[in-house]
There are 2 protein chains.
Amino acid sequence: MFGFTTISIDAKGRLAIPAKYRDQLRSQNEESIAVTRDPQYPALKIYPGSIWDSISSELQSLQGLDPIVRNLQWTILGNASVSSFDPKGRMLILLPSELQDYAEIKKPEKVSIIGMGNKFEVWNEKNWEMRQTGGALSTEILEVVLPESLKKISF
Amino acid sequence: MFGFTTISIDAKGRLAIPAKYRDQLRSQNEESIAVTRDPQYPALKIYPGSIWDSISSELQSLQGLDPIVRNLQWTILGNASVSSFDPKGRMLILLPSELQDYAEIKKPEKVSIIGMGNKFEVWNEKNWEMRQTGGALSTEILEVVLPESLKKISF
DNA sequence: GATTGAGTTGATCTATAAGCCGGATTCTGT
DNA sequence: ACAGAATCCGGCTTATAGATCAACTCAATC
């Protein structure tokens, strides 16, 4: 699950996982995915089911009053949306409008899906090109020194 | 896998791995290769399957909230493209246009393939000559102090 | 000079993404 | 409670990009 593809979101906010990624998910016995916010950039993250399970449970188990941790919990856990294969073997995601807004995605518009191995990122196409060419983004959300408790989780 | 060859990219962006490298890959039981960006220079890297597996999994396991790590993950994982032997025993790569742009490769044009032992590099022929004669390249992309976590990975 | 293997180019075919449409279900307002 | 409207969900069609297949040319070797 590497490399990137640009696909389009239809007028209803639906997004279809490209076949090459879908097949790999299926071959790894993943049956679902979770979409949520990227805590740092105006982008979305897609985690395969098993990865999501471990990340979300690790995040949930963190206690304490550290504002950064709580922020991450809100951002990541509070915005997640789970999808799975449809009867025809396809995988459609209906992107909640809050996530669309967050990632600055207007429909219908092109988005880039970036395969990072064990997860994907979804970017507004223009923002992704900006990133790739080193341009400045309008927003970079989280810029902090990470507490020890978060360092072992690879978001 | 050492030495140097120049081959050509056709109008469709196809690139054929030369036989001498192919045979070595096969004799080492490598069944696939991964092409991706070189993080420092306008060039591409080709890793044999097993090498790619270890590099990519190490990269994935790093904490992605670190901006430098994240950048490397984007550059290397997000631009990778995996190919394998075709039924005829040859190995063709369809170079994504973004990688062509990155390495400043226009088609049809000659590229240089440099064997570096456990990996290859692909350069625009002119840029490679520049490099060899000590001339300045138009771009050097990544110029940073590497965090400890990255030093053990040999890209 | 002939033959073989390799690099390169051209042509065809298949899978798939994208857009469109219609049915079903839910929500809302009267 | 009912009707209208909007939204959601699956099916279908078409254009396209990727993959496979095939052929040609050049170079090297015997």
Side-chain angles (χ1 to χ4, degrees), chain A residues 1-27 32-33 35 46 81-101 105-115 120 122-125 128, chain B residues 1 3-27 31-35 46 79-101 105-115 120 122-125:
Chain A
M1 301 191 293
F2 300 104
F4 80 92
T5 323
T6 80
I7 61 171
S8 62
I9 291 208
D10 68 17
K12 299 172 184 173
R14 290 182 294 188
L15 179 153
I17 303 292
K20 63 173 178 174
Y21 297 139
R22 227 170 43 203
D23 297 342
Q24 290 178 57
L25 286 171
R26 210 184 279 106
S27 74
S32 63
I33 54 174
V35 197
I46 299 182
S81 159
V82 175
S83 311
S84 48
F85 287 103
D86 71 8
K88 287 265 162 6
R90 297 180 300 186
M91 193 175 255
L92 284 184
I93 303 174
L94 181 61
L95 272 194
S97 57
E98 310 134 40
L99 290 185
Q100 291 176 35
D101 295 343
I105 295 169
K106 294 163 193 59
K107 19 162 218 197
E109 218 179 55
K110 296 273 177 189
V111 298
S112 296
I113 299 199
I114 299 98
F120 304 98
V122 179
W123 287 71
N124 166 320
E125 191 183 22
W128 175 247
Chain B
M1 298 189 294
F4 166 91
T5 322
T6 81
I7 60 174
S8 64
I9 292 206
D10 68 21
K12 296 178 182 174
R14 290 180 296 188
L15 179 154
I17 303 291
K20 62 173 178 174
Y21 295 138
R22 228 168 44 200
D23 297 341
Q24 291 176 58
L25 286 171
R26 212 184 276 105
S27 74
E31 304 196 337
S32 63
I33 55 171
V35 198
I46 299 183
N79 286 285
S81 162
V82 175
S83 312
S84 46
F85 288 103
D86 71 9
K88 293 248 160 31
R90 294 179 299 188
M91 194 175 255
L92 282 185
I93 303 174
L94 182 62
L95 266 198
S97 58
E98 300 82 20
L99 288 184
Q100 293 174 34
D101 295 343
I105 295 169
K106 293 163 193 59
K107 14 161 224 200
E109 215 180 58
K110 294 276 176 188
V111 298
S112 299
I113 298 196
I114 300 99
F120 307 98
V122 179
W123 286 73
N124 165 321
E125 196 179 19

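First the proteins, then the strands, lettered A, B, ... as listed; each starts at 1.
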Original post:
If you count the non-hydrogen atoms of other residues, nucleotides and ligands that lie under 6.0 Å from CD in Glu109(A), is the total more than 12?
Top reply: yes
Original post:
Taking CG from Asp86(B) and P from dA22(D), how many angstroms apart are they, rounded to a whole number?
Top reply: 12 Å
Subject >> Separation of atom CZ in Phe85(B) from atom P in dT20(D), rounded to whole Å >> reply: 14 Å
Original post:
Atom CD1 of Ile7(B) and atom P of dT9(C): how far apart are they, to the nearest Å?
Top reply: 11 Å
Subject >> Donor-acceptor pair, side chain of Arg26(A) and main chain of Phe85(A), under 3.5 angstrom >> reply: no
**OP:** Would you tell me if any nitrogen or oxygen in the side chain of Arg22(B) comes within less than 4.0 Å of OP1 or OP2 on dG7(C)?
**Re:** yes
Subject >> CG on Leu94(B) to CZ on Arg14(B), rounded to 0.5 Å >> reply: 8.0 Å
**OP:** Could you check if a side-chain atom of Val35(A) sits within less than 4.5 angstrom of a side-chain atom of Leu15(A), using non-hydrogen atoms only?
**Re:** no
**OP:** Specify the separation, in whole Å, of atom CG of Leu92(A) and atom C1' of dC9(D).
**Re:** 9 Å
Subject >> Shortest side-chain distance from Arg14(B), nucleotide among dG18(D), dT20(D), dA17(C) >> reply: dT20(D)
**OP:** Let me know the distance between CE of Met91(A) and P of dG10(D), rounded to the nearest Å.
**Re:** 13 Å
Original post:
Considering heavy-atom distances to DNA chain D, does Lys88(B) or Leu94(B) have its closest nucleotide positioned more toward the 5' end?
Top reply: Leu94(B)
Original post:
Atom NZ of Lys110(A) to atom P of dA18(C): distance rounded to whole Å?
Top reply: 5 Å
Original post:
Short question: side chain of Gln100(A), backbone of Leu95(A) - any donor-acceptor pair under 3.5 Å?
Top reply: yes
Original post:
Rounding to a whole Å, what distance do you find between Ile93(A):CD1 and dC8(D):C1'?
Top reply: 16 Å
Original post:
Which nucleotide, dA18(C), dA19(D), dT16(C), lies nearest any side-chain atom of Asp23(A)?
Top reply: dT16(C)
**OP:** Using the closest heavy atom to pick a nucleotide of DNA chain C for each, name whichever of Thr6(A) or Lys12(A) lands nearer the 5' end.
**Re:** Thr6(A)
Subject >> Distance, rounded to the nearest Å, where Tyr21(B) contributes OH and dA6(C) contributes P >> reply: 15 Å
Subject >> Presence of donor-acceptor pair under 3.5 Å, side chain of Arg90(A) and base of dT16(C) >> reply: no
Subject >> Sugar-phosphate, base or nothing in reach of Ala19(B), heavy atoms under 4.0 Å >> reply: sugar-phosphate
